[in-house]
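Below is one structure, written out as C-alpha coordinates; the observations come after it.
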Amino acid sequence: MDRYTLISREPVLQNQWYKIYLDKLSVVGKVLEKDYFFIDFFNDSVAVIIENENEEVLFVSAYRYILNKICLEIPAGNVEQGEDLSEAGVRECLEETGYSIHLKKEHFDFYASNGVSNQKFYVLFAEVDKNSFQRGIDEEEIQKIEWIDKKKVKSMIASNKFDDGLSLTALLLYFFNEKGSQNEN
(Lines give C-alpha, C1' and ligand atoms only; values in the text may rest on other atoms or scores of the structure.)
Protein backbone atom coordinates (compact mmCIF):
# COMPACT_ATOMS: atom_id res chain seq x y z
CA MET A 1 0.00 0.00 0.00
CA ASP A 2 1.65 3.23 -1.15
CA ARG A 3 0.87 6.15 1.11
CA TYR A 4 2.98 8.65 -0.77
CA THR A 5 3.38 9.56 -4.42
CA LEU A 6 6.74 10.92 -5.57
CA ILE A 7 6.28 14.25 -7.32
CA SER A 8 9.95 15.11 -7.83
CA ARG A 9 13.44 14.18 -6.62
CA GLU A 10 16.30 16.67 -6.44
CA PRO A 11 19.88 15.70 -5.51
CA VAL A 12 21.13 17.87 -2.64
CA LEU A 13 24.55 16.42 -1.79
CA GLN A 14 26.78 13.58 -2.89
CA ASN A 15 30.01 12.05 -1.60
CA GLN A 16 31.76 8.73 -2.13
CA TRP A 17 29.38 6.84 0.20
CA TYR A 18 25.91 8.26 -0.42
CA LYS A 19 23.70 10.79 -2.16
CA ILE A 20 21.07 12.87 -0.36
CA TYR A 21 17.86 13.69 -2.21
CA LEU A 22 15.04 16.09 -1.46
CA ASP A 23 11.85 14.31 -2.48
CA LYS A 24 8.59 16.16 -2.96
CA LEU A 25 5.74 13.84 -2.02
CA SER A 26 1.99 14.02 -2.10
CA VAL A 27 0.05 12.20 0.57
CA VAL A 28 -2.60 9.80 -0.74
CA GLY A 29 -6.11 11.06 -0.13
CA LYS A 30 -4.96 14.61 0.67
CA VAL A 31 -3.88 17.63 -1.30
CA LEU A 32 -0.93 17.99 1.09
CA GLU A 33 2.63 18.07 -0.29
CA LYS A 34 5.51 17.00 1.91
CA ASP A 35 9.30 17.46 1.68
CA TYR A 36 11.28 14.36 2.55
CA PHE A 37 15.06 13.93 2.68
CA PHE A 38 16.32 10.52 1.60
CA ILE A 39 19.89 9.20 1.98
CA ASP A 40 20.72 6.76 -0.82
CA PHE A 41 23.72 4.63 0.21
CA PHE A 42 25.72 3.29 -2.73
CA ASN A 43 26.88 0.16 -0.91
CA ASP A 44 25.65 -2.15 1.81
CA SER A 45 27.60 -2.33 5.06
CA VAL A 46 28.98 -5.33 6.89
CA ALA A 47 30.06 -5.87 10.50
CA VAL A 48 31.70 -8.91 12.00
CA ILE A 49 31.54 -10.19 15.56
CA ILE A 50 34.81 -12.05 16.06
CA GLU A 51 35.23 -14.40 18.99
CA ASN A 52 38.23 -16.34 20.24
CA GLU A 53 38.74 -19.54 22.24
CA ASN A 54 38.87 -17.51 25.50
CA GLU A 55 35.21 -16.42 25.29
CA GLU A 56 36.21 -12.91 24.19
CA VAL A 57 34.94 -10.60 21.44
CA LEU A 58 37.25 -8.38 19.35
CA PHE A 59 36.62 -4.61 19.33
CA VAL A 60 38.16 -1.62 17.63
CA SER A 61 38.39 1.91 19.00
CA ALA A 62 37.77 4.61 16.39
CA TYR A 63 37.51 8.39 16.59
CA ARG A 64 34.06 9.59 15.53
CA TYR A 65 33.89 13.22 14.46
CA ILE A 66 30.15 13.64 15.10
CA LEU A 67 30.54 12.65 18.76
CA ASN A 68 34.08 14.10 19.04
CA LYS A 69 35.34 11.06 20.88
CA ILE A 70 36.82 7.61 20.49
CA CYS A 71 34.14 4.92 20.37
CA LEU A 72 34.34 1.20 21.02
CA GLU A 73 32.90 -0.70 18.04
CA ILE A 74 33.01 -4.01 16.24
CA PRO A 75 34.89 -4.15 12.91
CA ALA A 76 32.67 -2.85 10.11
CA GLY A 77 32.67 -1.12 6.75
CA ASN A 78 31.31 -0.95 3.23
CA VAL A 79 30.76 -3.89 0.93
CA GLU A 80 32.71 -2.79 -2.14
CA GLN A 81 31.43 -3.21 -5.70
CA GLY A 82 31.91 -6.80 -6.86
CA GLU A 83 32.45 -8.18 -3.34
CA ASP A 84 30.18 -10.67 -1.67
CA LEU A 85 29.42 -10.39 2.05
CA SER A 86 31.99 -12.98 3.08
CA GLU A 87 34.79 -11.28 1.16
CA ALA A 88 33.83 -7.88 2.58
CA GLY A 89 33.70 -9.20 6.15
CA VAL A 90 37.08 -10.92 5.88
CA ARG A 91 38.65 -7.83 4.27
CA GLU A 92 37.24 -5.39 6.85
CA CYS A 93 38.47 -7.56 9.72
CA LEU A 94 41.95 -7.82 8.29
CA GLU A 95 42.13 -4.05 7.58
CA GLU A 96 40.77 -2.95 10.94
CA THR A 97 42.17 -5.59 13.30
CA GLY A 98 45.04 -7.33 11.54
CA TYR A 99 43.39 -10.73 12.09
CA SER A 100 42.25 -13.36 9.61
CA ILE A 101 38.93 -14.99 10.46
CA HIS A 102 36.76 -18.02 9.75
CA LEU A 103 33.15 -17.03 9.11
CA LYS A 104 30.26 -19.00 10.56
CA LYS A 105 27.17 -19.69 8.48
CA GLU A 106 24.74 -17.53 10.47
CA HIS A 107 24.19 -13.91 9.62
CA PHE A 108 21.56 -11.23 10.09
CA ASP A 109 20.63 -8.16 8.09
CA PHE A 110 18.62 -5.04 8.83
CA TYR A 111 18.12 -1.45 7.72
CA ALA A 112 20.03 0.79 10.09
CA SER A 113 17.80 3.83 9.76
CA ASN A 114 14.83 2.95 7.58
CA GLY A 115 13.08 6.25 8.19
CA VAL A 116 15.67 8.24 6.25
CA SER A 117 17.94 5.85 4.34
CA ASN A 118 18.23 2.60 2.43
CA GLN A 119 21.45 1.57 4.23
CA LYS A 120 21.39 -2.20 4.63
CA PHE A 121 23.64 -3.56 7.33
CA TYR A 122 24.78 -7.19 7.51
CA VAL A 123 26.08 -8.83 10.68
CA LEU A 124 28.41 -11.79 10.29
CA PHE A 125 29.78 -14.04 13.02
CA ALA A 126 33.33 -15.38 12.96
CA GLU A 127 36.08 -17.09 14.86
CA VAL A 128 39.59 -15.70 14.79
CA ASP A 129 42.41 -17.61 13.17
CA LYS A 130 44.51 -17.47 16.34
CA ASN A 131 47.86 -17.60 14.54
CA SER A 132 46.98 -14.97 11.97
CA PHE A 133 47.68 -11.60 13.58
CA GLN A 134 49.44 -9.26 11.15
CA ARG A 135 50.62 -5.72 11.65
CA GLY A 136 49.35 -2.98 9.39
CA ILE A 137 45.87 -2.08 10.63
CA ASP A 138 44.33 1.10 9.26
CA GLU A 139 45.82 3.52 11.82
CA GLU A 140 44.07 6.53 10.27
CA GLU A 141 40.74 4.99 11.25
CA ILE A 142 41.51 2.63 14.15
CA GLN A 143 43.24 3.76 17.35
CA LYS A 144 43.47 0.32 18.96
CA ILE A 145 42.03 -3.17 19.03
CA GLU A 146 41.14 -5.16 22.13
CA TRP A 147 39.61 -8.45 23.20
CA ILE A 148 36.85 -8.14 25.79
CA ASP A 149 35.34 -11.01 27.78
CA LYS A 150 31.75 -11.82 26.75
CA LYS A 151 30.49 -11.34 30.33
CA LYS A 152 32.02 -7.88 30.42
CA VAL A 153 30.51 -7.06 27.01
CA LYS A 154 27.06 -8.01 28.34
CA SER A 155 27.67 -5.81 31.38
CA MET A 156 28.75 -2.94 29.11
CA ILE A 157 25.54 -3.33 27.09
CA ALA A 158 23.45 -3.25 30.28
CA SER A 159 25.38 -0.14 31.45
CA ASN A 160 24.81 1.72 28.17
CA LYS A 161 28.53 1.88 27.30
CA PHE A 162 28.16 1.62 23.50
CA ASP A 163 27.59 4.76 21.42
CA ASP A 164 27.43 2.99 18.07
CA GLY A 165 23.94 1.70 17.36
CA LEU A 166 25.13 -0.61 14.60
CA SER A 167 27.61 -2.32 16.93
CA LEU A 168 25.00 -2.49 19.69
CA THR A 169 22.44 -4.09 17.38
CA ALA A 170 25.04 -6.56 16.11
CA LEU A 171 26.04 -7.50 19.67
CA LEU A 172 22.42 -7.98 20.73
CA LEU A 173 21.84 -10.24 17.70
CA TYR A 174 25.02 -12.15 18.55
CA PHE A 175 24.03 -12.80 22.16
CA PHE A 176 20.44 -13.61 21.17
CA ASN A 177 21.69 -16.06 18.53
CA GLU A 178 24.15 -17.59 21.01
CA LYS A 179 21.38 -18.06 23.59
CA GLY A 180 19.06 -19.52 20.95
CA SER A 181 21.72 -22.01 19.86
CA GLN A 182 22.26 -23.12 23.47
CA ASN A 183 18.53 -23.62 24.01
CA GLU A 184 18.31 -25.91 20.97
CA ASN A 185 20.83 -28.37 22.43
Side-chain angles (χ1 to χ4, degrees), residues 1-50 59-97 103-126 138 140-143 156-158 160-177 180:
M1 171 173 103
D2 291 336
R3 250 187 81 96
Y4 300 105
T5 301
L6 180 65
I7 298 169
S8 66
R9 173 169 284 172
E10 176 184 338
V12 176
L13 175 120
Q14 181 173 337
N15 63 29
Q16 67 189 52
W17 300 285
Y18 55 82
K19 185 184 277 189
I20 299 176
Y21 294 99
L22 171 59
D23 288 354
K24 299 273 187 196
L25 305 172
S26 66
V27 180
V28 174
K30 299 180 183 176
V31 183
L32 178 67
E33 282 190 21
K34 184 176 186 175
D35 289 348
Y36 198 91
F37 287 93
F38 163 58
I39 307 169
D40 180 22
F41 280 84
F42 301 136
N43 300 69
D44 292 334
S45 297
V46 63
V48 185
I49 304 253
I50 307 165
F59 287 88
V60 299
S61 293
Y63 174 77
R64 298 300 178 204
Y65 167 75
I66 299 297
L67 302 179
N68 191 31
K69 69 181 197 176
I70 295 175
C71 296
L72 191 63
E73 303 172 357
I74 60 172
N78 279 329
V79 178
E80 295 178 358
Q81 294 295 326
E83 266 186 326
D84 67 25
L85 288 177
S86 297
E87 292 169 332
V90 168
R91 177 187 49 74
E92 282 294 335
C93 288
L94 189 58
E95 288 175 4
E96 292 190 3
T97 72
L103 291 172
K104 297 179 180 181
K105 290 184 181 179
E106 307 92 10
H107 80 273
F108 289 90
D109 60 83
F110 61 96
Y111 290 91
S113 189
N114 65 353
V116 295
S117 81
N118 64 351
Q119 182 183 30
K120 193 166 188 178
F121 199 73
Y122 291 89
V123 179
L124 307 178
F125 304 125
D138 183 355
E140 288 184 23
E141 182 181 4
I142 305 300
Q143 275 62 50
M156 293 169 71
I157 291 170
N160 198 27
K161 299 293 183 193
F162 292 98
D163 296 306
D164 176 38
L166 300 176
S167 290
L168 179 60
T169 301
L171 288 165
L172 292 171
L173 289 168
Y174 169 73
F175 286 119
F176 177 81
N177 191 54

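Below, all heavy atoms of this structure are taken into account, side chains as well, without hydrogens, waters or symmetry copies.
Closest approach of Y21 to V12, counting heavy atoms only: C-CG2, 4.1 Å. Between S45 and V79, the closest heavy-atom pair is C-CG2, 4.2 Å. For the residue pair V116 and Y36, the shortest heavy atom distance occurs at N-OH, 4.3 Å. Closest non-hydrogen pair, S61 versus I70, comes out as CB-CG2, 3.6 Å. Between F59 and F162 the shortest heavy-atom distance is CE2-CE2, 3.5 Å. The shortest non-hydrogen separation linking I39 to F41 is CG2-CE1, 3.5 Å.
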Item to check | Intermediate values then yes/no, side chain to side chain donor-acceptor pair (under 3.5 Å), Y63 and N68 | outcome: CA-CA 7 Å; Y63 174 77; N68 191 31; 2.6 Å; yes
Checklist entry - Step by step, would you call K24 with D35 a side chain to side chain contact (heavy atoms under 4.5 Å, CB included)? => result CA-CA 5 Å; K24 299 273 187 196; D35 289 348; 2.9 Å; yes
Next on the checklist: Let's go through F175 and I157 carefully: what are the C-alpha distance in whole Å and the side-chain angles of both, what is the deciding distance for side chain to side chain contact (heavy atoms under 4.5 Å, CB included) to 0.1 Å, and is it a yes or a no?
Outcome noted: CA-CA 11 Å; F175 286 119; I157 291 170; 4.0 Å; yes
Item to check | Stepwise side chain to side chain contact (heavy atoms under 4.5 Å, CB included) test for D109 and K120 | outcome: CA-CA 7 Å; D109 60 83; K120 193 166 188 178; 3.2 Å; yes
Next on the checklist: Under the criterion side chain to side chain contact (heavy atoms under 4.5 Å, CB included), I'd like the reasoning laid out for W17 against Q119: C-alpha separation, chi angles, the key distance, then a yes or no.
Outcome noted: CA-CA 10 Å; W17 300 285; Q119 182 183 30; over 6 Å; no
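Between the side chain of E96 and the backbone N or O of A76 there is at least one donor-acceptor pair closer than 3.5 Å.
Taken to the nearest 0.5 Å, the OH atom of Y174 stands 5.5 Å off from the NZ atom of K104. From D44, atom CG reaches atom CG of N118 across 8.5 Å, with rounding to the nearest 0.5 Å. To the nearest 0.5 Å, atom CD1 of residue I74 and atom OG1 of residue T97 are 12.0 Å apart. With values rounded to the nearest 0.5 angstrom, I20 atom CD1 is found 10.5 Å from F38 atom CZ. The OG atom of S167 sits 7.5 Å away from the CD1 atom of I49 when rounded to the nearest 0.5 Å. Taken from CG in L166 to CG in L171, the straight-line distance is 11.0 Å, to the nearest 0.5 Å.
F110 places a side-chain heavy atom less than 4.5 Å from the side chain of L173. The shortest distance between side-chain heavy atoms of F37 and L22 falls below 4.5 Å. Side chains of L25 and T5 form no contact here, defined as non-hydrogen atoms less than 4.5 Å apart.
Aromatic ring centroids of F108 and F176 lie 6.0 Å or more apart.
Sequence neighbours left out, the pairs with a member in residues 77-88 that pass side-chain hydrogen bond (donor to acceptor under 3.5 Å, both in side chains) are E83-R91. Judged as a salt bridge (charged side-chain N to carboxylate O under 4.0 Å, His left out), the pairs with a partner in residues 67-79 (not counting sequence neighbours) are, in order, R64-E73, K69-D163.
Note on ring orientation: taking the six-membered ring where Trp is involved, the planes of H107 and Y122 are tilted (angle from 30° to 60°).
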